[in-house]
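First up is the structure itself, then whatever we jot down about it.
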Amino acid sequence: MEYNSQEIEKKWQKYWLDHKTFHTGIDPAKPKFYVLDMFPYPSGAGLHVGHPLGYIASDIFSRFKRLKGFNVLHPMGYDAYGLPAEQYAIQTGTHPAITTEKNVARYREQMDKIGFSYDWDREVKTCDPKYYKWTQWTFIRLYNHWYDLKSGKARPVAELTEIFNSSGNADVRAAMTPNWFHELSKKDVSFGAGWKGIFIASDWAGFSEKQQQEILMNYRLAYLSEAMVNWCPELGTVLANDEVANGYSVRGNHPVERKMMRQWFLRITAYAQRLLDGLESVEWSDSLKDQQKYWIGRSQGAEIHFPIQGSELKLNIFTTRPDTIFGSTFMVLSPEHEYIEKITPADQLENVRKYVKEVANRSERERMAEVKKISGVFTGAYCLNPFNGKPSPIWVADYVLAGYGTGAIMAVPAHDSRDYDFAKHFKLPITEVVSGGDISESSYDAKDGIMINSEFINGLNVKAAIRAVITKVNEMGIGKGMVNFRLRDAIFSRQRYWGEPFPVYFKDGIPYMLNDNELPLELPSVDAYLPTETGEPPLARAKNWITKEGYPLETNTMPGFAGSSGYYLRYMDPLNPTEYFSKEAVNYWQNVDLYIGGDEHATGHLIYSRFWNKFLFDIGLAVREEPFQKLVNQGKIQGRSSLVYRLKGSNTFVSFGLKDQYEHSVMHVDVSLVNNDILDTQEFRRWRPDLADATFILEDGTYVCGYAVEKMSKSLYNVVNPDELIEHYGADTFRLYEMFLGPLEQSKPWDTNGIEGVFRFIRKFWRLYHDEENRFRLSDEAATAAELRILHKTIKKIQEDTERLSLNTAVSTFMICVNELGELKCSKRAILEDLLILISSFAPHLAEELWQACGHNESITQAIFPAFNEAYLVENTFKYPVSFNGKMRFTMELPADMPSAEIEKAVLEAEESAKWLEGKTPKKIIVVNRKIVNIVL
RNA sequence: GCCCCGGUGGUGGAACUGGUAGACACGCAGGACUUAAAAUCCUGUGGCUUCACGGCUGUGCGGGUUCAAGUCCCGCCCGGGGUACCA
């Protein structure tokens, strides 16, 4: 039988489906292994050749682990909420669920053609109410928990109110927004002037329901708050920090503004330290871990209070360099700082307000674009150094951010480049306090040197000085050591339609959670997918968007990362109607052993889901602190565009090699019209009406195209679709070729030309099992030593390479193996059956077909990975490379077990050695057994 | 600016712990089979040099360590990604 990929692949894909070959259940007798792909957003364009790269790798790994005796959980689903379907709905009125369903079906069809071993019975879709019920359920738990810093974990709010009832909040140490009580004083609940957020049991009992709820809101892990948010007018919604880049939305690239809005937040900052610590225990790339570390941005320093001249107020600043306190020559407040109004003398007030207003009106993008532009204003007020009472002026400047630390700094121009630039610009004094730099040139920021001009810390090195100042500050009660994080709480509200509804209603303006038995709260239908005339989110259009009792429901929806934060847990028990997932399931599957996906999720999904998991861990649901033990980021597949060269002002195209002789412009041409860089000129003329009369200047009778490696995109005509390749070469060839392209983690250009080599290999492989007339034929003769050596060499290499996901070299290994067996004309069952098991993870359809032809009734997925036997690889001789002064000159075959002294002798006596020795006596001879001989002259 | 990752033939890449650089493919050139084409098979293929045997040279650049460096160390250059007033 001739190799026919179409027939074979259809047959086995159907077989796997009919026999539920990849259905997985809990099996205590087998060790578990959980292999997960980042589930895709099903876009309308379908999969291109870059998408399946990671899926193929994870599929090979899953199949390999099954052969190795593991019970493998390998599910797939869809991150089904997303902006494109909603934008399409706005334009066309088509419900996003319909668009999404259509796209999901297309994705499924494409994935099925590649022959993946997913357990489709476990499929989850984030937009499915049966799934998002648990997203809502988790949100309710987040709302009903607070973070206890003493025990370092989330605890129920019910326990918090008990504490308040019995002893107030003085002893409670909770993760909260700094100065949370300031915000409260702005609301319609009053706690009296100068209230510092501290209350005793009797106060608590006396608070109104509203007051109590407002206070509790500041403790909850999911909370409602007024805050500066990233507002994207074009998308009509708020975005999280990771959804914004350089002042534009990551999706759609629309401008983003800052706006004060009331939004739901997740208190992810409570987990900042644990998110940092957890990175130590996972096997992720350094670059990914660094990205997360940087995003979390821990910095250790001190908070110090500076008295303000002529005022009762003390200015609270944060610094990582308390050692430089005597070099602080001015103070800077962020333009949003609450003290500005309080400390600015009347004669300066107008000027300062003008500046603050100016800054506030500037958009985020303008601010970013003008980073280098120094601006600020002097308030007219002065601070006193808490140690020596020396006054320094207080400025307001936008280079100090309200959201970080205390929103105020002590400026040390000699040792901070930003302060330095600012001081130079406004001609403020610069005092050197750490020796080692030249402050007339630039600031000296290094934490290296001896303190000078610094009173009690003079002569200490920087580290000792930092400790000394913190100790003193503590003693004097004017501050304390402190850790700050860059990480911000996650904005969790979106003013969009296509997302999970919040299980929240409002009574008297206070939010309340629905009961668990009212979940899921399903997404209502609306007459249009746009905000209302009054600017409310689309859900405000829904009829009867109220509870049974008539209270209005929340009209925001959850963001994209809500549904993806816990999906890996739901896969463990996806059909469970009464629980997120059962204890039994999570105890068995634990966490993801191998997670493969793109690194664009470094600071989004991968932080949120670690947080989500840690919370579920705290409340006793998840059993592991880290959800993803090993994580691999597959590289992107870049497009390889084909280029043609058009003579200026004509319809004549010049071939690549001759283009420099003419004045030309470069034009992208559809890659489907090009084969091995040779343009099909006939097809080219047919491609577009304006090219019908194109003429060509050829070289050697052909038109050679140039090429460029760039993003795979429709507009560059370089998109390659897997369906066509699979139709032509088959899924097995396609799978192998995707892996053969290069290392999984590396980005690389797609070049369809190379696929021929793999296709040739597949047919060569097929021929090993067939005679000249293409009849299946295996011999039952005993295998020779040479054949066994080839087989076991291959077993060893495939096993090692697959374990470390070096799948490109694994494919090469198969090629070498088949070349060698082909040379020996090997057709022995004893060799070829094992080879089928080896390749079955990579080319599963081919393997199944030949396995069946071998006479097996069961799927090859039931086979056991062949055991490697070292004994077959033992060689009697070793071919030593012989070097003189490190340069390899000739090789010499010697007995493998020959002792070094004898090797030395044999090499020196060799005929070829005389030429290189030139009669000299070697100074030294290095013999490394079974490696090399090096003679030093 | 800072932090990661990378730089090897015409191309994709291999060389895992320092030990024969360029495996395996693509492409190209030549040949076999064929009326012809496709398919298949064989040979060659880093550069320079030599009729040839062979020699010299070669992993972004400059130094270093070592018997031995693509691999380790120091200093640069280039490309890709992340991040950006975070005190």
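The figures here come from the full heavy-atom set of this structure, side chains too, leaving out hydrogens, waters and symmetry mates.
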Considering only the [atom1] atoms, how many Å lie between [N] and [M], rounded to the nearest integer?
N: B/C74; M: B/A87; atom1: P; value: 27 Å
N: B/A23; M: B/G13; atom1: P; value: 15 Å
N: B/U40; M: B/C33; atom1: C1'; value: 9 Å
N: B/G79; M: B/U20; atom1: P; value: 33 Å
N: B/G27; M: B/A84; atom1: C1'; value: 44 Å
N: B/U35; M: B/C28; atom1: P; value: 26 Å
N: B/U8; M: B/A14; atom1: C1'; value: 10 Å
N: B/U66; M: B/G81; atom1: P; value: 40 Å

For a quick test of your reading: what N or O donor-acceptor pairs under 3.5 Å do the side chains of residues 733-743 of chain A make, sequence neighbours left out?
from     : atom 1 : to       : atom 2 : distance (Å)
A/Thr733 : OG1    : A/Tyr729 : O      : 3.2
A/Arg735 : NE     : A/Phe842 : O      : 2.9
A/Arg735 : NH1    : A/Asp59  : OD2    : 2.9
A/Arg735 : NH1    : A/Ile114 : O      : 3.2
A/Arg735 : NH1    : A/Gly115 : O      : 3.1
A/Arg735 : NH2    : A/Asp59  : OD2    : 2.8
A/Arg735 : NH2    : A/Ser841 : O      : 2.9
A/Tyr737 : OH     : A/Asp751 : O      : 2.5

Under a plain distance cut-off of 3.5 Å, with no hydrogens placed, do [Y] and [X] share a side-chain donor-acceptor pair?
X: A/Thr269; Y: A/Asp489; value: yes
X: A/Ser375; Y: A/Tyr399; value: no
X: A/Asn718; Y: A/Ser641; value: yes
X: A/Thr809; Y: A/Ser812; value: no

Would you classify [X] as touching base, sugar-phosphate or nothing, given that sugar-phosphate means primed atoms plus P, OP1 and OP2, and contacts are heavy atoms under 4.0 Å?
X: A/Arg767; value: sugar-phosphate
X: A/Trp916; value: sugar-phosphate
X: A/Ile409; value: base
X: A/Lys923; value: nothing
X: A/Asn819; value: sugar-phosphate
X: A/Lys764; value: sugar-phosphate

Would you kindly give the [atom1]-to-[atom2] distance between [X] and [N], to the nearest whole Å?
X: A/Ile798; N: B/A23; atom1: CD1; atom2: C1'; answer: 14 Å
X: A/Glu2; N: B/A38; atom1: CD; atom2: P; answer: 17 Å
X: A/Leu288; N: B/C4; atom1: CG; atom2: P; answer: 14 Å
X: A/Ile925; N: B/A68; atom1: CD1; atom2: P; answer: 15 Å
X: A/Phe656; N: B/G27; atom1: CZ; atom2: C1'; answer: 14 Å
X: A/Arg889; N: B/C53; atom1: CZ; atom2: C1'; answer: 15 Å
X: A/Glu756; N: B/A25; atom1: CD; atom2: P; answer: 14 Å
X: A/Arg760; N: B/C42; atom1: CZ; atom2: P; answer: 12 Å

Counting only side-chain nitrogens and oxygens, does [X] get under 4.0 Å of the OP1 or OP2 atom of [N]?
X: A/Tyr294; N: B/U83; value: no
X: A/Lys887; N: B/U57; value: yes
X: A/Ser417; N: B/G1; value: no

Geometric class of the A/Phe426/A/Trp395 ring pair [parallel <30°, tilted 30-60°, perpendicular >60°]: tilted
Pairwise 5' ranking along RNA chain B for A/Phe485 and A/Gly754, keeping only the more 5' one: A/Gly754
Syn/anti state of B/G9 by chi, 90° boundary around 0: syn
Measure from NZ or CZ of [X] to the centre of the six-membered ring of [Y] and say whether it is under 6.0 Å with the direction within 45° of the ring axis.
X: A/Arg640; Y: A/Trp750; value: no
X: A/Arg767; Y: A/Phe765; value: no
X: A/Arg763; Y: A/Tyr3; value: no

Test side chain to side chain donor-acceptor pair (under 3.5 Å) applied to A/Ser334 and A/Tyr404, step by step: CA-CA 10 Å; A/Ser334 63; A/Tyr404 189 78; over 6 Å; no
A/Glu870 and A/Lys796 ion-paired at < 4.0 Å: no
Heavy-atom protein contacts under 4.0 Å, nucleotides 5-22 of chain B, coded B base, S sugar-phosphate only, - none: -------BSS----BB--
Base versus backbone protein contacts along nucleotides 70-78 of chain B [heavy-atom cut-off under 4.0 Å; B, S, -]: ---------
For A/Asp445, side-chain hydrogen bond (donor to acceptor under 3.5 Å, both in side chains) partners two or more places apart: A/Ser443
Runs of at least three Watson-Crick or G-U pairs with RNA chain B, cut-off 3.5 Å: B:1-7 with B:77-83, B:10-12 with B:24-26, B:27-32 with B:40-45, B:46-49 with B:54-57, B:60-64 with B:72-76
Least distance between heavy atoms, A/Asp677 atom then A/Asn753 atom: N-ND2, 4.5 Å
Any residue meeting side-chain contact (heavy atoms from CB on, under 4.5 Å) with A/Arg298, in chain and number order, not counting sequence neighbours: A/Gln273, A/Leu276, A/Gln300, A/Val483, A/Phe485
